[in-house]
Number of protein chains: 2
Amino acid sequence: MAEKIIPDIVVGRLPIYLRALQRMLAENRHVTSSQEMGERLGISAAQIRKDLSQFGEFGKQGTGYSIDYLAEQIRLILHIDQVWDIAVVGAGDIGSAVARYQGFANRGMRVAMIFDNDPAKIGSDVGSFTVQDINNLETAVREAGIKVAMIATPSQNAQEVADLLVAGGVKAILNYAPISLSVPEGVRLQYIDPVIHLQRMTYYL
Amino acid sequence: MAEKIIPDIVVGRLPIYLRALQRMLAENRHVTSSQEMGERLGISAAQIRKDLSQFGEFGKQGTGYSIDYLAEQIRLILHIDQVWDIAVVGAGDIGSAVARYQGFANRGMRVAMIFDNDPAKIGSDVGSFTVQDINNLETAVREAGIKVAMIATPSQNAQEVADLLVAGGVKAILNYAPISLSVPEGVRLQYIDPVIHLQRMTYYL
DNA sequence: TAGATTGTTAATCGATTAACAATC
DNA sequence: TAGATTGTTAATCGATTAACAATC
């Protein structure tokens, strides 16, 4: 049975569309069009329609898309009709900010636990969580069935933390450490490094 | 005089190359090859050579690239042979974490000031900075000649903050608020939204 | 109905890869 | 010299856009 393969780049735009739709809902809007979404996002209307058409037919000719319905469909496609528990590794400034971040609510994510290797931090509270010993990471993650994690440790520890997470069954890692990691086939990896984004802009200044 | 136009996507990879090179330097390496860089980064060797060739000839046949020299050349290309002062707007968890972040050192960036609109925060210290009143933002940014800023406010304030920054002469904005902003032609804009990255991965789980 | 907008096809555009002469 | 690796060209691959029939 041939599953249609969706290009990564298309999947990558769906969360952007969803964010815009949720914003429109917050503005009490009910219907939108590919043209309006495109203008808000700086993406061509044709591309938005093409992207969505990879997954189904969500609109109505002449009227456009029901915001509520389209948002729900994208949530289903992205598997965020459920809430994903996240393990945060590293209880420094970034890890703590992430653990306290209010922006996960209603977007399919929830921080569930936070780890560190510093005895001075283990047992202390960060937001509503108690920092756990990284030695318990693999077991805790496996027992909780956690599939998604964020690495917020220094670069030098990031690869070993990634290995631990993978050993515990994690399948998706968001890495804040400014270093390229290697993970086995089947484990997804994304990066956040503010300096990379800043350097992409200074080229043009 | 026709300036060769470099595709955005190529410029966007240079900071990744630079980060890898700096890592190699930290490992006391002196020479690398497009093949080795490609393996580390999950990018084809041909693409790395092609990207670099847009800007000049930095390697030697048979031996590869001097890490130190190539890193310096990329720094020149990206205009990070200087240090860019950055204004941070929003002194919440994210803004505070960014203001204290040690990862800017040696990468061409330096936080120079932080603003908030909350009277309870204005005047308090975050890292080595005193939180300034956002009403002074436009003037302070203009007088300091700041061209780069980061927005770490709630979504509802992000657009007005962006407008203020632009009014103060800022030309590059990194936005942590999970909302699409609009800025005039000539102002660069990048986004960091961890939820977007997480949602890009849950599709595959 | 007339106007608007979708979903889709075909054409265009741009990015990546393979291959290799040049040369260190 | 022999081996290695660059810089570059041409071929391939993939993504974006334009256009329009279908239809609400």
Side-chain angles (χ1 to χ4, degrees), chain A residues 2-18 20-21 24 29-74 76-77 200 203, chain B residues 2-18 20-21 24 29-74 76-77 200 203:
Chain A
E3 274 276 324
K4 183 167 52 160
I5 283 130
I6 311 288
D8 266 15
I9 198 163
V10 173
V11 174
R13 279 190 293 261
L14 293 186
I16 309 278
Y17 299 160
L18 178 57
L21 292 167
M24 289 179 189
R29 306 280 315 288
H30 292 96
V31 175
T32 186
S33 65
S34 57
Q35 184 176 16
E36 186 193 31
M37 290 181 68
E39 279 167 13
R40 287 210 184 202
L41 298 174
I43 292 176
S44 81
Q47 177 158 91
I48 292 173
R49 293 200 302 278
K50 186 112 205 289
D51 285 351
L52 295 176
S53 74
Q54 304 259 17
F55 302 95
E57 307 192 356
F58 307 118
K60 270 206 182 66
Q61 283 105 323
T63 56
Y65 301 91
S66 155
I67 295 172
D68 204 46
Y69 176 74
L70 182 55
E72 184 55 27
Q73 294 305 307
I74 294 179
L76 287 170
I77 293 165
R200 279 176 182 161
Y203 170 78
Chain B
E3 274 277 325
K4 183 168 51 158
I5 284 130
I6 310 286
D8 265 16
I9 198 163
V10 173
V11 174
R13 278 190 293 260
L14 293 186
I16 309 277
Y17 300 160
L18 179 57
L21 291 167
M24 289 179 190
R29 303 282 316 288
H30 292 97
V31 174
T32 186
S33 65
S34 58
Q35 185 177 14
E36 186 192 32
M37 289 181 67
E39 278 166 14
R40 286 211 186 200
L41 298 173
I43 293 176
S44 81
Q47 178 158 91
I48 291 173
R49 292 200 302 278
K50 185 111 205 288
D51 285 352
L52 296 176
S53 76
Q54 304 258 17
F55 302 96
E57 308 191 356
F58 306 120
K60 270 204 183 66
Q61 284 104 325
T63 55
Y65 301 90
S66 154
I67 294 173
D68 204 47
Y69 177 74
L70 182 55
E72 184 55 28
Q73 293 305 306
I74 294 179
L76 287 169
I77 294 164
R200 279 176 182 162
Y203 170 78

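As the structure is a prediction and not an experimental result, all values here were calculated from the model. Worth knowing before you read on, the calculation uses all heavy atoms, side chains too, and leaves out hydrogens, waters and symmetry mates. Chain letters run A, B, ... following the sequence lines, proteins first and then strands; every chain starts at 1.
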Open item on the list: So if I take residues 54-71 of chain A and measure heavy-atom distances to DNA chain D, which residues fall below 4.0 Å?
Closed with: A/Lys60, A/Gln61, A/Gly62
Open item on the list: Only pairs with both distances under 3.5 Å count, Watson-Crick or wobble alike; so what is the partner of C/dA18 in this structure?
Closed with: D/dT9
Task: Contact summary for B/Tyr203 and A/Ile77, nearest pair of heavy atoms - done: CD1-O, 3.3 Å
Open item on the list: For the CD atom on B/Gln35, are there more than 12 heavy atoms of other groups (residues, nucleotides or ligands in this structure) within a distance under 6.0 Å?
Closed with: no
Open item on the list: Would you compute the distance between atom CD1 of B/Ile16 and atom CE of B/Met37 and round it to the nearest 0.5 angstrom?
Closed with: 10.5 Å
Open item on the list: Taking the nucleotide of DNA chain D with the nearest heavy atom to each, does B/Ser53 or A/Pro7 sit closer to the 5' end?
Closed with: B/Ser53
Open item on the list: Contact between B/Leu70 and B/Tyr17 at the side-chain level, heavy atoms closer than 4.5 Å - yes or no?
Closed with: no
Open item on the list: At a heavy-atom distance below 4.0 Å, which nucleotide of DNA chain C is the first touched by chain A, and which is the last?
Closed with: C/dA4 to C/dT9
Open item on the list: If you assign each of B/Ala46 and A/Ile43 to its closest nucleotide in DNA chain D, which residue comes earlier from the 5' end?
Closed with: B/Ala46
TODO: State, yes or no, whether a side-chain contact exists between A/Phe58 and A/Ile74 at a heavy-atom distance under 4.5 Å.
DONE: no
Open item on the list: Determine whether A/Arg200 and B/Asp8 satisfy the following criterion, side-chain contact (heavy atoms from CB on, under 4.5 Å), listing intermediate values before the conclusion.
Closed with: CA-CA 9 Å; A/Arg200 279 176 182 161; B/Asp8 265 16; over 6 Å; no
Task: Pairwise side-chain contact, A/Arg49 with A/Leu52, heavy-atom cut-off 4.5 Å (strictly under) - done: no
Open item on the list: Looking at D/dT23, which nucleotide sits across from it as a Watson-Crick or G-U wobble partner, both distances under 3.5 angstrom, or is there none?
Closed with: C/dA4
- [ ] Of all the heavy-atom pairs spanning A/Pro15 and A/Gly12, show the shortest one and how long it is.
- [x] CD-O, 3.4 Å
